[in-house]
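What follows is a single structure, written as structure tokens, with notes after it.
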Amino acid sequence: MISPQSKPSFRLTRTQRIRKSGEFAHVYGLRNTSGDGHLLVFAAANGRPQSRVGVSVSKKHGNAIIRSGLKRRLREAFRLTQHDLPGGLDLILIPRHKSGSTVEDYQQSLTTLARKLAGRIARSNKECGG
RNA sequence: GAAGUGGGCUAGGCGAUCGCUGCGGGAUCGGUUUUCAGAUCGGUUGCGGAGAGGAAAGUCCGGGCUCCAAAGGACACGGUGGUGGGUAACGCCCACCGUCCGCGAGGACAGGGAAAGUGCAACAGAAAAUAUACCGCCCCAGGAAACUCACUUCGGUGGGGAUUCGAGGCGAGGCUGCGGUCUCCGGGGUAAGGUUGAAAUGGUGCGGUAAGAGCGCACCGCAGGCUGGGUGACCAGUCUGGCUUGGUAAACCCCACCGGGAGCAAGACCAAGCAGGGCGAAGAACCGCUACAGCGGUUGUGGGUCGGUCCGGCUCACGAGCGGGCGAUUUCGGUCGCUGGCGACGACGUCCGGGUAGGUUGCUUGAGGCGGCGGGCAACCGUCGUCCUAGAUAAAUGGUCGCCCUCGACACGACCCGGCUUAUCGGCCCACUUCAGCA
RNA sequence: GCCCCCAUCGUCUAGAGGCCCAGGAUGCAGGAUUCUCAGUCCUGAGACAGGGGUUCAAAUCCCCUUGGGGGUA
């Protein structure tokens, strides 16, 4: 990470995504969740400086057009808010059902929910460690 | 101008900015290798260029490709069903034929066989596939009194013809003074008519008949033959037959044709890791060569395999030993034969268990698009030129802003093609039909 | 992605071309019995996923659509 951070990059590269089904299963298995009217978020510490994201949209949301749109909006929300989020987390984003939600809704929900989950993880680490 | 029929094209656009996935080449960082140069892999960054559909959908057909053995025969099973052509192939397309619908342009049709056989048809109806029974209609024999004629022993007897009955019952008919009384109960011809039903044994008309009937005739329909046209489905004409065999095959079935199974999560490779175990049957014969280790061939046996079964075919095995008993031989070390046991092992199959975390490939140039010429009514084919047009893998086309318009439907690849079906806001174009008006 | 299967009252089901405007159980509603409740008895409402075709006739046979469920690394 040599980049001087003078201009913060808003790219979303492949290393910033959760890509293996084992990693997905790990995050789901911890059952560390939080949600609001727009989003449901699973989180786990990943031991990296950056946070990573994964998106899951079930078939109940509709056909392929609707599901692709949801996934694009969720990824866009993570891309735009990635510097406001705590680092070192694996996040799985699941949209709620009544989705008239916009990217801005997702951005607000994502930042608040991710900070809540990061605090919870830090607390449990302290309790376990000491 | 109105209404309509058939076909084709299109699938909001422009700009700014932040992003996503491949490809090309550049810079930089890290790993491996190397004396260096360099090679290779991965990351980051910026440049160039590319980046979802007409249905990408449903998965309803057909094919390519891959593996199963090289994909063979019969049966079973499944599918298709007018004819001719197109095609890699098809259940698709084109042209034509037939039936039905529409004034018409046109549209619809799983459109072979019901005279090979089996089955089915509720209810209603005389009857539901066999041509007969029932009602009905008609004829003949026969019958009675009344009427009339003749005869008479006046009790009746015989004849005539009209009407009627012509079949066992709430029967029909005659006479009557309405209380009764009398008579009959045999034979045959028909399929015109019979209220039903989805469907009823050729139809209509005329003749004919006791009543009727293709019994006869005309027209229509049907069947068969012949002639002509057409590659053919079929069409036209003509003759004959009086006519007989209804429906259902998206019921079984018959005929013709087609189909081996599974599917890119197929399949192949890399490195890493690991763990194998149980069970199964057989482990022959003959010939040839030989260095006597073995090799080759034929037959056979056994296992496996072609996807549901059988055949045929293909493939694998048919050996190294251990010790017991008996017999022969011996230089007493052993050797050979027979018998019946044990059994490691290789190959094969099957079952159970573990693992299937990961990467590369398959992976996009193809029955390809566009244009010209030629062949064909057309579907389509041939030839020449030209173009390269997604390849992701927790899975790429988006977010925000501005402007314009007709205010934007259905909907997003996942191995690839050819079709079909289904969903769909609009817009544009071409050809044609009917009606109205004008010239 | 690929390959299959299924659909009948609220629920579980029967049905195999006509006897079915679909039967049974349970649940639901009303009534009777009881001082009241339960139980019992009587009565009633309630379904062939949707569309098209074959047939005289379809829950049943064929096609399309819709909605569920399963298998497969």
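So that the names make sense, note that chain A is the first sequence line, chain B the second, and so on, each numbered from 1.
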Handout entry: Residue mapping more 5' on RNA chain B - nearest nucleotide basis, Gln107(A) or Ile65(A)
Key =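 This one resolves to Gln107(A).
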Practice task
Let me know, please, whether Arg79(A) or Tyr28(A) comes out on the 5' side of the other along RNA chain B by nearest nucleotide.
Solution key: Arg79(A)
If the [atom1] atom of [N] is compared with that of [M], how far apart are they to the nearest Å?
N	M	atom1	result
rA392(B)	rU397(B)	P	14 Å
rA55(B)	rG19(B)	P	38 Å
rU10(B)	rG408(B)	C1'	13 Å
rA200(B)	rC90(B)	P	44 Å
rG261(B)	rG369(B)	P	31 Å
rA88(B)	rA367(B)	C1'	6 Å
rU118(B)	rG113(B)	C1'	16 Å
rC264(B)	rC352(B)	P	24 Å

Practice task
Return yes if a side-chain donor-acceptor contact under 3.5 Å exists between Ser109(A) and Asp36(A), otherwise no.
Solution key: yes
Practice task
Would you tell me whether Thr81(A) and Asp84(A) have side-chain atoms, one donor and one acceptor, within less than 3.5 Å of each other?
Solution key: no
Nucleotide forming a Watson-Crick or wobble pair with [N], both distances under 3.5 Å:
N	result
rG84(B)	rC94(B)
rA57(B)	rU421(B)
rG340(B)	none
rC61(C)	rG53(C)
rC206(B)	rG216(B)
rC20(B)	rG51(B)
rA27(B)	rU44(B)
rU433(B)	rA3(B)

Practice task
Taking all heavy atoms of Phe10(A) and all of Leu80(A), pick out the closest pair and write down the distance.
Solution key: CE2-O, 3.5 Å
Counting heavy atoms from C-beta on, name the nucleotide in [options] closest to the side chain of [X].
X	options	result
Phe10(A)	rU45(B), rC18(B), rU44(B)	rC18(B)
Ala64(A)	rG413(B), rG399(B), rG43(B)	rG413(B)
Thr13(A)	rG399(B), rG413(B), rC20(B)	rC20(B)

What is the glycosidic conformation of [N]: syn, defined as within 90° of 0, or anti?
N	result
rA52(B)	syn
rG230(B)	anti
rA293(B)	syn
rG333(B)	syn
rG221(B)	anti

Any side-chain heavy-atom pair of [X] and [Y] under 4.5 Å:
X	Y	result
Leu113(A)	Leu39(A)	yes
Arg73(A)	Thr102(A)	no
Pro86(A)	Arg115(A)	yes
Leu91(A)	Phe42(A)	no

Could you give the [atom1]-to-[atom2] distance, from [X] to [N], as a whole number of Å?
X	N	atom1	atom2	value
Gln16(A)	rG43(B)	CD	P	14 Å
Leu80(A)	rC18(B)	CG	P	13 Å
Gln50(A)	rU44(B)	CD	C1'	11 Å
Ile66(A)	rG398(B)	CD1	P	15 Å
Leu70(A)	rG399(B)	CG	P	12 Å
Arg67(A)	rU397(B)	CZ	C1'	17 Å
Leu12(A)	rA395(B)	CG	P	9 Å
Arg75(A)	rA392(B)	CZ	P	16 Å

Practice task
Would you check if the side chain of Arg120(A) reaches a backbone N or O of Thr33(A) as a donor-acceptor pair within less than 3.5 Å?
Solution key: yes
Problem - Arg11(A) side chain near rU44(B) phosphate (N/O to OP1/OP2, under 4.0 Å) - result: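 So the side chain of Arg11(A) is outside the cut-off, no N or O lying under 4.0 Å from OP1 or OP2 of rU44(B).
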